[in-house]
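Single-structure report; data block below.
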Amino acid sequence: MSDPAPDNRPTDTSPKPGGIAARAMARGAGYLDTLNPEQRLAVEETEGPVLVLAGAGTGKTRVLTTRIAHLLASGRARPWQILAVTFTNKAAREMKNRVGDLIGGVVEGMQWLGTFHSIGARMLRRHAELAGLNPDFTILDTDDQIRLLKQIIQAANIDEKRWPARQLAGLIDHWKNRGLGPDDIAEADGRAFADGRGRALYTAYQERLKVLNAVDFGDLVLTPLTILRTHKDVLADYHQRFRYMLVDEYQDTNVAQYLWLRLLAQGNRNVCCVGDDDQSIYGWRGAEVDNILRFEKDFPGARVIRLERNYRSTAHILGAASHLITHNEGRLGKTLFTEISDPDDDRVTVASSWDSEEEARAVGEDIEELQRGGHSLNEIAILVRASFQMRAFEDRFVTLGLNYRVIGGPRFYERQEIRDALAYFRTTVQPADDLAFERIVNTPRRGIGDASVKLLHDRARAESIPLMQAAADLLQTDEINKRARISLTNLMTSFARWRQQVDALPHTELAEIILEESGYVEMWQADRSADAPGRLENLKELIRSMDEFDSMTGFLEHVSLVMDADGGGDGDAVNIMTLHSAKGLEFDTVFLPGWEEGLFPSQRTLDENGRAGLEEERRLAYVGLTRARRRAIVRFAANRRMHGLWQSSVPSRFLDELPESHVTVREEESNYGGYGSAAYGASRFDTSDPFASPYATPGWQRAKRNRGSEPRGRSRHEGPLSSGPKLIEGDLVAKSVIGGSSDFTAGERVFHQKFGYGAIALIDGNKLTIDFEKAGRKRVLDSFVERP
DNA sequence: TAATAGAAAATTTTT
DNA sequence: TTTTCTATTA
C-alpha cells in the first residue's frame, strides 16, 4: 500500500467514530436508498459469514464500499477495526476513495484496507522478530528473487542450464501459494527439481533470505500465516482487533491467502467475501476457484447473496457471454439479466481477417468509423490474450495517427534505469542488501569485474557477512587488483558519505546527489543510444515521485509493493490491454481479436492444465465479453506470425460456443479469399444443449477430424469458397511435424498461400528460408508451402 | 576487464 | 523477429 506511516498512527489521530457517524447521518444515511434489494441485503447483512456472488457489472464495488461506509456510519466499527483486502493496489485505492465519497470526506485510519501483500507486509513488520527478521526487511521482486536463486543453484553445483532459476522460482512460489514452508514439502514433491534437491534448495533460499533480511512476495502471505498459526496470542490480538472483514475478488485467493483469512475469520466470523467464480482467471498463479466454490462448507450458516442484475451491458452481450460460460462445469451458477432492452442494440459481431495485419487494419477502420460517429476513443478497448498481439495494433494506429494507450505494459519500476537507481538507494539505506549492492558495484563500469565480485562473494560466504562488509575487509588486504581496489574504495567511501546524509538531507536531494556522484547519470548522458534521453527523463520522474513520501525508507517500501504503471496517457485514446488487465474495467465498445485455437484458448494452458485450463480460458473470454457496454466485436485471423514465422490458425472453439441468437457474422470485402461466412457459417453456432458436449460442434469436429493426415491442397481445386479449410489443415499438419526434418531440398521452387512462389534458400529442420518472387525473403514452416 | 560478435532461446497472463 | 547469453578477442 502507499501508506508508509507507522502502525500506531490511527488510534490517536483518526476522527472519533461519532464524527464519522455524525457526518454520514448528516447526509442522511441515503447511501442505502440507491441500492437494489439484493445489494442492500449484502450491505445490511453485517453479522456472520456472507458470500456475495457478484456477476460482472452488478455493482460489486458499490456493495463493498457501501458496506464499509455502513459499518462505519452505524457505529459498528471504527476505521481500524475493519480488515478489507483486495488484490490490486488500484482496487484498494478505489475502495478508499469511494468509501470517502460515501462518508463525505477522506477516510482516515483505515490502515487495514489494502492488498493481501501490503497487509501481509504490515503484519510482518509488527511481528518481524517472530520470523527472525528485522522490521526493516526488504521486499524482493521477481527479478531479485531469480538472481538470488541463480546464485543458490550455482552454489549447489547444479547446472543452471538444465535447471533454470526461473523454474525453481515458479516451484517455490507454487509451494508458498499453497501455504507450504520448506519443511512441509513432501519428500516426493521435493524431487520435482534437480533430481530431488528441490526441497534443499528451497531451504537454502529461505535461509539466505533471512540472512539478507529480505522476503519475497510469497512470504508476505506465508510468513504472517505461519506467525498466526504458531502464536496464539498474536492471533487472539487480531481476532479482537478486526470486527469485520471484507474480501474483494474472493475467487482469486490462493490457498495461503485462504488459510490466512480463515484463521482470522475464526474470531467473530464477520467475514464478507465478494467474488465471481466465473471471473476466476488467475489459476496459473495459484488462485483456487475451489475457495469460492466451497465457501458454504467452510463457513457453516453462511449467507449467499447473488447479484445478477446487470447494469452494464446490452441483452445481446449478456446473452452471448452467459451462454458461453455455461459450457463450464463446476460453477456456482448465476444468470445475469438486464432490464434495459433496446431493439436497436447491436448483436455481438464476429468477423475474420486474413492475417494479424489485416486484423489491425479492420479494427482501425471500425474505430475511425465509430470516431466519425462521435464515439469517444477512451470508451474503446482492444483486449488481447497475449501481449505480443498488441504490436500489430500499435503499428497500425501509428500509421493512422490514431491515439492509443497501452495499459499494463512495461512497468515504470521494472525499467532497468529505475531498478539501478533503486539499487543505489537500497544499498545506501540497507548496507546489508547484497542483491542491490551486487547490481550496482560495476554499474556504471568502474573496473570491478566478475573476478573481483567473485572474491567478494567467497569472502562473504565464508564468513557469513554481507557483501559490503566483505568488501571493507578485503580492502584491508591486497587480494584485489589495483584498479578494482581503487574504485571499490571510492565506492565504499561514497556510500559511507551518502549514508551519513540520510538524516541530514531531504531524501529527494540525497537521491539526486547519489545518482550524480556515482556517475550513474553521467553514464546515460554519455550513452548515444536512442532510448538514453528517455531513461534520464525516467530518472527525473523517479525523483519527482519520491517527493510524495516523507523518507527514503517509506518510498522504498512503496516501490516494492506498488508496481503500478504510472497514470497512462491523457487525452482521448483507444485502450489496448490484455484480457487479464481488463478485469474490472468497462468500455462502450470492446474489440476481441485473436480468437484462434492455440492463441485463445492458449495452447500452453491447455497442455499444462487440461480441462481446468480450458475452463479458465473460457472464463477469460467471458470476462472479455462482459467488459462491453454496447458493442463487442470478436475477431479471428487465418494466419498469424509467431516468433518470426507464419502459422495459420483454426477459429477458436469459443466462437462455436456463442449462441446464434445474439451474434451476427460480418463479412468484409477486404478478405482476400472470402474467408467470411462461407467458411464460418451460422451453422457453426451453438444452438444445442451446452452441457451435451462442447466439442460436438461442427467446426471443432471438422478440425479434429482433419488432425490426421488428410491430403493437402485439395481446396485449391475447389475454388475460392473453401479456402478456409485448407488453412485449417495447414495448421494441424504443421503441429505434427514440428521438430522433424523437411523433405524439401534447397533451391526447390515452392508455393506459399500468403507469399506466392519462391525458391528455397535454406533449410533448418522444418523451418525454411525462402526467397519469394514478390514478398522477398521469409522464414516459414515447411508445412505451409507446397510443390507447385 | 570490456567490448564485440555470434549463437541460442524465447515469447501469457502479475501481486 | 527480438532479446539475452556466451565465448572470444583486444
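Chain letters run A, B, ... following the sequence lines, proteins first and then strands; every chain starts at 1. For clarity, every value in this text was computed on a predicted model and none was experimentally measured.
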Whole-Å distance, A:Q167 CD to B:dT11 P, equals 12 Å
Within the 4.0 Å heavy-atom criterion, would you say A:S452 contacts the bases, only the backbone, or no part of the nucleic acid? sugar-phosphate
Considering only NZ, NE, NH1 and NH2 on the basic side and carboxylate oxygens on the acidic side, decide whether A:D433 and A:R426 come within less than 4.0 Å. yes
In whole angstrom, give the distance that lies between atom CE of A:M390 and atom P of C:dT2. 18 Å
Under the criteria of a ring-centre distance below 5.5 Å and an interplanar angle below 30°, is A:F217 stacked with the base of B:dT15? yes
Whole Å only: how far is the CG atom of A:L455 from the C1' atom of B:dT1? 14 Å
Output one line per pair: protein atom, nucleotide atom from nucleotides 2-8 of chain B, and distance, for all N/O pairs under 3.5 Å.
from	atom 1	to	atom 2	distance (Å)
B:dA2	OP1	A:G447	N	3.1
B:dA2	OP2	A:N442	ND2	3.4
B:dA3	OP2	A:R445	NH1	2.9

Take A:F116 and A:V453, find for each the nucleotide of DNA chain B with the closest heavy atom, and name the residue whose nucleotide sits nearer the 5' end. A:V453
Nearest listed nucleotide, side chain of A:A451, among B:dT1, C:dC5, B:dT15: B:dT1
A:E596 bridged to A:R640 by N-O distance under 4.0 Å: yes
Separation of B:dT14 P from A:K90 NZ (nearest whole Å): 12 Å
With a 4.0 Å cut-off, would you call A:K583 and A:E249 a salt bridge? yes
How close or far is atom C1' of B:dA10 from atom CZ of A:F388, stated in whole angstroms? 12 Å
Nearest heavy atom decides the nucleotide; on that basis, is A:S581 or A:M642 closer to the 5' end of DNA chain B? A:M642
For the residue pair A:W524 and A:Y520, categorise the inter-ring angle as parallel (less than 30°), tilted (30 to 60°) or perpendicular (more than 60°). perpendicular
Distance check: side-chain N/O of A:N481 vs OP1/OP2 of B:dT1, anything under 4.0 Å? yes
Rounded to the nearest angstrom, tell me the gap between atom CD1 in A:I146 and atom C1' in C:dC5. 15 Å
Sugar-phosphate, base or nothing in reach of A:F87, heavy atoms under 4.0 Å: sugar-phosphate
Using whole Å, report how far CZ of A:R385 lies from P of B:dT11. 14 Å
Yes or no on side chain to side chain donor-acceptor pair (under 3.5 Å) for A:N291 and A:T253, after CA distance, side-chain angles and deciding distance? CA-CA 7 Å; A:N291 290 346; A:T253 49; 3.1 Å; yes
Salt bridge or not between A:R391 and A:E394? Use side-chain N to carboxylate O under 4.0 Å. no
Please give the nucleotide sitting opposite B:dA10 as a Watson-Crick or G-U wobble pair, both distances under 3.5 Å, or none. C:dT1
Does atom CG of A:D450 have more than 12 heavy-atom neighbours from other groups under 6.0 Å away? no
Rounded distance (Å) that lies between atom C1' of C:dT1 and atom CG of A:D395: 12 Å
